[in-house]
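Read through the structure below, which is laid out as structure tokens, and then see the notes.
Predicted model only: the values in this text are computed from it and were never measured. We number each residue from 1, following the sequence as shown. In each ligand, atom 1 is the first atom listed, and ligand 1 is the first ligand listed.
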Amino acid sequence: MTVAVRFAPSPTGRLHVGNIRPAVLNYLFARSHGGSFMLRLDDTDRERSTAAFAEGIEHDLTWLGFVWDRFARQSDRTARYGEVAGQLKAAGRLYACYESADDLDRKRKRQLARGLPPIYDRTGLRLTPAEHAQMAAEGRTPHWRFKLANSETAGSLVPAPTMVSWNDLIRGDQMVDVGSLSDPVLIRENGTALYTFTSVVDDIDFAITHVIRGEDHVTNSGVQVQLFEALGAELPAFAHHSLLIGADGQALSKRLDSLSIEGFREAGLEPMAVLSHAALIGTSDAIEPHGTLESLAAGFSLSKISTAPARFDLDELKGFNARLLHKLPYEAVAGKLEAAGIGGGEAFWNAARANISVFGDVIRWWSVVAGTITPVIEDAAFASTAAGLLPASPWTEATWGEWTNAIKAATGAKGRALFHPLRLALTGEDSGPDMKSLLPMIGEARVRARLCGQAA
Ligand code: GLU
């Protein structure tokens, strides 16, 4: 079977760490099966969806390294939704209702007061042609509900349970009692279609084989299974992943806006750190940084995803980012180093990478090598003795050892008392890259000036 999946964000906000998880799981599933990945913008909510958010989502996904094989925007497919709604109406599965939000609220309160479940009472279904004509004459436009196929029990106001079941590729056997749900509204009064409906029409039209999304959609899936069936379509496979919790164990849903992909980019995090983290939290795999999406896809399997909530910890992601950088080979960053005006080639990157948490930190180490720093001289006499013992150029990685041995022999200083003042004088920093690599890069002129306490 050819695998076809989709990631379907609503452009009512930017991407955040919560919705990057379904994005990456869908992406890796497609890539690991040689299938296709579609980006679908669920923008039927005209008031809340904006072109700027849509652009932002595409920009964020591109930054993360996603390439989509197909693209669709639900707002472009209005005519198609109208056509399919017509089929459901003709089949008696989509019916007109005229209740206002207040009417529905009153009904719910009455039902609750009588100890009944607050489910829509299907008044719309029982309207006579004369009553419909009356509504039209009054200029009232209906909204449209999907008639769920549940077992109505004649004479009883409490619907009998009607189970919809499927074998979820993450959660195993799932059952949703659609008997306990109201017939969902698929078309609003203003004629626009709602997600429950548009998503199914698109999944059918684009031949989506696997629907991978958060477990907040499990109940939707129960309803949508009935929609697929009502439209005579084959069901896709479903996989519902758990939702994120924060480091404190609390749901992240309210804090997601502060954890945007844009924010991660601005904080200097690497796309592959964000992706590896999002793909591996909540799985049985070790959370290890992967350098490429291909490498992540190679080990991917839905069966490794746990049903327990996945824990997201920003500090862990930052640490993870640092670990990714520490093993990143020069070829992976050469272009970025050049773009940032950083020279020094592979030798500099190899010396600096273990001392950075985000890529931008290399700029500081580059200024130690090639810019001007303020040296810290704790003991001018010691610095002057050290300067007098500097080996003749050209310097290599062996120079640091020769030089410090000579200083040790002359002053008796050893260990930290020997090395630390030299590091402070030559870099202005307490700690940092290996001095044996830095010394030849800093070069004789700067080293001599810094040992004299001059900014150089
Ligand atoms: N627009 C929906 C959401 O963002 C898509 C859910 C789905 O994958 O069907 O939750």
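The ring pair (Phe, Tyr, Trp, His ring centres under 6.0 Å) analysis of residues 303-339, with sequence neighbours excluded, yields the pairs H277-F312, H277-F320. Annotation: ring pair (Phe, Tyr, Trp, His ring centres under 6.0 Å) contacts involving residues 45-64, sequence neighbours excluded, are absent.
Judged by the 6.0 Å distance and 45° axis criteria, K107 is not positioned over the aromatic ring of Y120. Judged by the 6.0 Å and 45° rule, R423 forms no cation-pi pair with F419.
Residues passing the side chain to side chain contact (heavy atoms under 4.5 Å, CB included) test with H217, sequence neighbours excluded: Y195, R213, N220, H240.
Classified by interplanar angle (parallel below 30°, tilted 30° to 60°, perpendicular above 60°), the ring pair F348/W366 is perpendicular.
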Note down each nitrogen or oxygen pair, ligand 1 side and protein side, whose separation is under 3.5 Å; give only atom names and the distance to 0.1 Å.
unit_1: ligand 1; atom_1: 1 (N); unit_2: A8; atom_2: O; d: 2.7
unit_1: ligand 1; atom_1: 1 (N); unit_2: S10; atom_2: OG; d: 3.3
unit_1: ligand 1; atom_1: 1 (N); unit_2: D42; atom_2: OD2; d: 2.7
unit_1: ligand 1; atom_1: 4 (O); unit_2: A8; atom_2: O; d: 3.4
unit_1: ligand 1; atom_1: 8 (O); unit_2: R6; atom_2: NH1; d: 2.7
unit_1: ligand 1; atom_1: 9 (O); unit_2: R6; atom_2: NH2; d: 2.9
unit_1: ligand 1; atom_1: 9 (O); unit_2: Y195; atom_2: OH; d: 2.6
unit_1: ligand 1; atom_1: 9 (O); unit_2: R213; atom_2: NH1; d: 2.7
unit_1: ligand 1; atom_1: 10 (O); unit_2: H217; atom_2: NE2; d: 2.8

